Amino acid sequence: MNSETVSNLVTTRVGSEAAPVEVDEPSSKRLRPATSDVWKFFKKLGPDKDGVERAECKGCKKVFKAGGKRYGTSTIKRHLDSCTQIKHEDIGQTIAELQLKMGSLKIDSGVARDMFAGYVVAGDKPFNMVDDRRFRNWVKYISPTLKLPSRNTVKADIVKVHKREAAKLKKILVSIPNRICLTSDLWTSSTNEGFICLTAHFVDENWKLQSKILNFCHMPPPHTGYELSSKIFTLLTEWKVDKKIFSITLDNASSNDTCVEHLKSTLDVHGSLLCGGEFFHVRCSAHILNLIVQDGMKICGDAVCKIREGIKFLRKSESRMVKFKECFEDIEGLEYTTALCLDVPTRWNSLYAMLASAIPYKKAFELYKVKEAGFREYCPSSDEWRRTEKICDFLLPFYETTKLMSGTSYPTSNLYFLQVWQIQLILMNSLKNDEVLIRNMGEKMMIKFKKYWEEYSVVLAFGAVLDPRFKLNTLVHCYNEIDPISAKDKVEHVKSKLYKLFEVYDQNSSTTVESSSQLSSNFSQATSSAIGTQLIKIVGVSIFIYLIICIFNFSCFLIHILFVIQRI
């Protein structure tokens, strides 16, 4: 009996009757595993109520239909281009890996150009690198079929990538429920062209601190406060975040004060600021600290100048550095482990770094002075070295505070209060120092400190209060250390402002809840009304059908009676 004779039915006799028994044939079609690399970014959820397979994006958690003949992987592949949680470079790499698995690498020119544009941006490469003959020959050897873009095409591709990434960022900024903090600064290029940089700082939906540059664009003169505020407001409206701003941090240029006042009044007219913009302006703490230390450095004396000129003298030629390093061989226990560095006028931190790098080598400086006559005028005396060491010790807390408050990968608002308090204590103690130079530096620095930090920033003090390690008791202790008489009033001032801000947030959240409740109520009423209407329709139709059935039965009964009468 062949396979054609044995079909799905086989009969077996039970007594005299034949009972059909169904036999399942082994299916010739087997389910194939998902081989598309697109599943690296999606998770299968199985069939839904309608029987269609579903897949969830691992980045944004959106669910798509994906399965069977009707719903393949085309939809979810298109989603990868617009997903804000998946890096575009990973998609290009996935496509390349998929093509390699297929045996023959077929290069997609669009993907290749996208990946090359990303490489140029990340590596800060010049556009004209594609014009280099050796580079083009190398690419042609690797892939003769790949057509390299021109420099103008590379530029256009980068603009395209920028627009795509900007659209993703705009979508994120609009979707987050929290407020956004801004920082901005002016920058002048070597060609004396003005540029403005605007950066947004926010906490994303995964509770991670994000800092994104919104714009780095040309800022034509005049750079007045009014023009700056108009430019910033225009940029905010372009990003559609003008109603989500909490604060803006600027340096202490006089034009920035005018800029803040005009920008605050503009945003407040639209009702975009909390508490009428009371916490809107934040002064850059690192910049203030720089101004404070720079004032103290003006009276450091000749010792610092000698060390600076001495390092310049040594670094001017390689032979001098070789001869200087030979001095370490004659000094027991001294090794040249840290390079001598020069300071930069615009960064006071580099001044501390210069002094800290030179002080350990003071014996080598003295020995080199003996070997090199031209170095004698640059080598400090023993008394000058002693004063320099005291200056370096005095500047160490300022250096550490500047590094701590200039961090970009961690929150710094909770560090502000304790660091400023520590600086104030150091300056107060410096006024009692036995060294005249340190005392004079402290006096100059205290004047600048009182100009900007005599009243601590209230909104930044909130960070210390909300930090579970410090809370309000820390403020009480710190204010008592500075001035026990005014400590209570200062603590109450911070406390009242914090409660005021909390009430605004609480009111906004209550309004949101009420509107949601009203919306739910309206929806429930509409749903109830719709259900009632449907019930009325169903009942009406049911009664109509029931009446038809009754009439039909009564008609049948009458026909039956007439038939019986006729027979009689």
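For the single chain, residues carry numbers from 1 onward in sequence order. Not measured: the values here are computed from a predicted model.
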Q | Residues Q419, M405; criterion side-chain contact (heavy atoms from CB on, under 4.5 Å); working and verdict | A | CA-CA 8 Å; Q419 295 304 315; M405 295 177 67; 3.9 Å; yes
Q.
Run T199 and L182 through side-chain contact (heavy atoms from CB on, under 4.5 Å) and show every step you take.
A. CA-CA 6 Å; T199 308; L182 302 173; over 6 Å; no
Q) Yes or no on salt bridge (charged side-chain N to carboxylate O under 4.0 Å, His left out) for K497 and E278, after CA distance, side-chain angles and deciding distance? A) CA-CA 10 Å; K497 296 297 182 182; E278 185 175 350; 2.4 Å; yes
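- With hydrogens and angles disregarded, no donor-acceptor distance shorter than 3.5 Å links the side chain of K160 to the backbone of D114.
- No hydrogens or angles considered: a donor-acceptor pair under 3.5 Å links the side chains of S486 and D483.
- For the 3.5 Å distance criterion, the side chains of T153 and S150 qualify, holding a donor opposite an acceptor.
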Q: Test K212 against D204 for salt bridge (charged side-chain N to carboxylate O under 4.0 Å, His left out), laying out the working first.
A: CA-CA 11 Å; K212 302 293 184 181; D204 63 13; over 6 Å; no
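- Under the 3.5 Å distance criterion, with hydrogens and angles disregarded, a donor-acceptor pair is assigned to the side chains of T183 and H201.
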Q: Would you check, one step at a time, whether the test side-chain contact (heavy atoms from CB on, under 4.5 Å) holds for I213 with L198?
A: CA-CA 6 Å; I213 295 178; L198 183 65; over 6 Å; no
Show every donor-acceptor pair shorter than 3.5 Å between a side-chain atom in residues 219-228 and any protein atom, with sequence neighbours excluded, or say none if there are none.
| unit_1 | atom_1 | unit_2 | atom_2 | d |
| --- | --- | --- | --- | --- |
| H223 | NE2 | M219 | O | 2.8 |
| T224 | OG1 | E227 | N | 3.4 |

Donor-acceptor pairs under 3.5 angstrom involving side-chain atoms of residues 459-466: please list them, not counting sequence neighbours.
none

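- Other residues, nucleotides and ligands contribute more than 12 heavy atoms inside 6.0 Å of the NZ atom of K448.
- In this structure, F116 and Y119 have tilted ring planes: the angle between them lies in the 30° to 60° band.
- Looking only at distances, no side-chain donor or acceptor of R151 sits under 3.5 Å from a matching main-chain atom of F127.
- Here I180 contributes atom CD1 and Q210 contributes atom CD; the two are 11.5 Å apart, rounded to the nearest 0.5 Å.
- Looking at residues two or more places apart in sequence or on another chain, you find a side-chain contact (heavy atoms from CB on, under 4.5 Å) between Y499 and K495.
- Between the T401 side chain and the F398 main chain, no donor and acceptor come within less than 3.5 Å of each other.
- Within 6.0 Å of the CZ atom in F502, the count of heavy atoms belonging to other residues, nucleotides or ligands does not exceed 12.
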Q. Under the side-chain contact (heavy atoms from CB on, under 4.5 Å) criterion, do F280 and L267 qualify, and how do the steps go?
A. CA-CA 10 Å; F280 180 64; L267 293 174; 3.9 Å; yes
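- Nearest heavy atoms, A117 versus D157: CB-CB, 4.1 Å.
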(Q) With salt bridge (charged side-chain N to carboxylate O under 4.0 Å, His left out) as the criterion, how do D48 and R54 come out once you've worked through the C-alpha distance, each side chain's angles and the decisive distance to 0.1 Å? (A) CA-CA 7 Å; D48 205 353; R54 296 296 199 277; 3.5 Å; yes
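- For W187 and F216, the distance between ring centers is under 6.0 angstrom.
- By the neighbour-count criterion of 12 heavy atoms within 6.0 Å, atom NZ of K61 is densely surrounded, having more than that number from other residues, nucleotides or ligands.
- The main-chain N or O of C284 is never found under 3.5 Å from a side-chain atom of T249 such that the two would form a donor-acceptor pair.
- Put simply, the side chain of K243 never gets that close to the backbone of L273: no donor and acceptor are under 3.5 Å apart.
- A centroid separation of 6.0 Å or more is found between the aromatic rings of Y352 and F394.
- The shortest non-hydrogen separation linking Y410 to L209 is C-CD2, 4.0 Å.
- For the pair N256 (side chain) and C259 (backbone), a donor-acceptor distance under 3.5 Å is absent.
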